[in-house]
Protein chains: 2
Amino acid sequence: MNDYFQSKASLQSKKDRTRAAIIDSAINIIAKKGFQKSSIQEMAKNAGIANGTFYNHYKDRKSIFEDVANLIAIELVKVIEENEVKTKKPAQKLINSTKQFIKRSVQVPEWGLIFLEAADFSVRLEKDISKFLIKDIKSGIRDKSFLVKYDDFLVEQIMIIVLHSISHQLENGINKQITDKTINAILRILNYKK
Amino acid sequence: MNDYFQSKASLQSKKDRTRAAIIDSAINIIAKKGFQKSSIQEMAKNAGIANGTFYNHYKDRKSIFEDVANLIAIELVKVIEENEVKTKKPAQKLINSTKQFIKRSVQVPEWGLIFLEAADFSVRLEKDISKFLIKDIKSGIRDKSFLVKYDDFLVEQIMIIVLHSISHQLENGINKQITDKTINAILRILNYKK
DNA sequence: ATAATAATTGAGACTACTCTCATTTTTATA
DNA sequence: TATAAAAATGAGAGTAGTCTCAATTATTAT
């Protein structure tokens, strides 16, 4: 089993450590089986705790899913923010952020898989991630790099193109050409003129 | 509950009629809850048969899902074939088929929902539907309507744009503008020159 | 070291299924 | 109508899960 949060130095109290063990266990199992098929029984066993202990940390089944999905989303957003490029060209910014996001999602497959899983369930989560897209798309339209009218549906389309790229690479292996083709499709949809 | 196959005149034998009742019941329940959460118990009850009767018709849980998914796919493919336009312009053919497919998938929401559900699970099913796309895309590239290189990933991208359109309209109501925006995005991805 | 507090434990009550099979009922056939 | 064949029944064995709680163990503060 891989560790994600358990290894963090900040975990002092017993409670924190147990919680981190549950989360790491959950990430591994959810990535393998999806939310629907992941059981508390298995998570507890995998985390090395008793079944009942789980309920000191989470109210119920749903809570752990929400927590895990949020943690992954936060980590992925962090990656995008940390790697924002300095250029003022919105198209370049969009390309960079998208590449970073795809790269990180497939580099740690568990994160990518859970993000895809969660994107299906929670609209909010997808919104968190698409924020960074929207900003660049809007300023690209403003400065006439993208010759389209802004539209929420357009953002959704671009978002699913990105999710599809992640899904494809998680299934068939990391492939930069696929990421490039993804960027191409996005720029075409946005009617990008250099 | 809506009837889909039960009402067909061709159902003579008791066995056929019971089977159709199971399928109709399954369609209604799967459309509401998805494959994962649909139980045989509920399907049997909903179909007005005893639990054990189900197993005279289907080996197990998985079999009914496969059967339902295939039936829906067959119906949807039929719709596309019946509505093929006579024109020789591949772009026009592609636009027409795509519109028809989206239209029918959202017109009978149960079909659309199950198709989306099944597309997630079964690669084969998505292939069945994308066949009609591939034909038109290839001939469009051949006659230089689409200025791109053919590529399986490209077809996948177009397919998910279509699925997303269906999913959006099933959630927010039928909307022709959304279908138009979908067609636009597809033509842009294909680098369509009139 | 002791008491108080926090965390963990695992048995078990409860629910919700899947699938089997001996029996009964219905339908088709002679 | 009597018989054979087909179909349907539903009780129940088996499995897998969620969540609770009284008892136990570990941790922290005095």
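The chains referred to below are lettered A, B, ... by the order of the sequence lines, with proteins before strands, and numbering in each begins at 1.
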Output the rounded distance in Å from CG (Asp60(A)) to P (dG17(D)). 17 Å
Asn56(A) has an atom CG; how far is it from atom P of dT25(D), in whole Å? 17 Å
First and last nt of DNA chain C near chain A, cut-off under 4.0 Å to heavy atoms, 5' to 3', are dA7(C) to dG10(C)
Starting from the 5' end of DNA chain C, give me the residue, Arg61(B) or Gly52(A), whose nearest nucleotide shows up first. Gly52(A)
Could you state the CZ-C1' distance from Phe54(A) to dC21(D), rounded to the nearest angstrom? 17 Å
Between Asp128(A) and Arg124(A), does at least one N-O distance fall below 4.0 Å, as a salt bridge requires? yes
Rounded off to whole Å, could you give me the CD-to-P distance for the Gln36(A) and dT18(D) pair? 11 Å
Within this structure, what is the OH-to-C1' distance between Tyr55(B) and dA7(D), rounded to whole angstrom? 17 Å
Looking across every strand, which nucleic acid part, if any, lies under 4.0 Å from Ser39(A) by heavy atom: base, sugar-phosphate, or nothing? sugar-phosphate
Which whole-number value in Å describes the distance from Ile22(A) CD1 to dT18(D) P? 13 Å
Just by distance, no angles: are the side chains of Ser63(A) and Asp60(A) close enough, under 3.5 Å, to form a donor-acceptor pair? yes
Looking just at side-chain N and O atoms, do Gln169(B) and Thr179(B) make a donor-acceptor pair shorter than 3.5 Å? yes
Give the C-alpha distance, both sets of side-chain angles, the deciding distance and a yes or no for side chain to side chain contact (heavy atoms under 4.5 Å, CB included) between Asn175(B) and Val106(B). CA-CA 10 Å; Asn175(B) 183 337; Val106(B) 300; over 6 Å; no
Regarding Arg104(B) and Glu82(B), does a basic nitrogen lie under 4.0 Å from an acidic carboxylate oxygen? no
His164(B) and Glu156(A): side-chain donor and acceptor closer than 3.5 Å? yes
Can you figure out which of dA7(D), dT9(D), dG17(D) approaches the side chain of Thr53(B) most closely? dT9(D)
Taking only side-chain N and O atoms of Thr18(B), does any of them lie within less than 4.0 angstrom of OP1 or OP2 on dA7(D)? no
Is the phosphate of dA7(D) approached by Lys14(B) (side-chain N or O, under 4.0 Å from OP1 or OP2)? no
Nucleotide dA26(D), atom P - distance to CG of Asp16(A) in whole Å: 20 Å
Would you say that more than 12 heavy atoms from the other residues, nucleotides or ligands in this model lie under 6.0 Å from the CD of Gln92(A), or not? no
Whole-Å distance, Ile64(A) CD1 to dC19(D) P, equals 12 Å
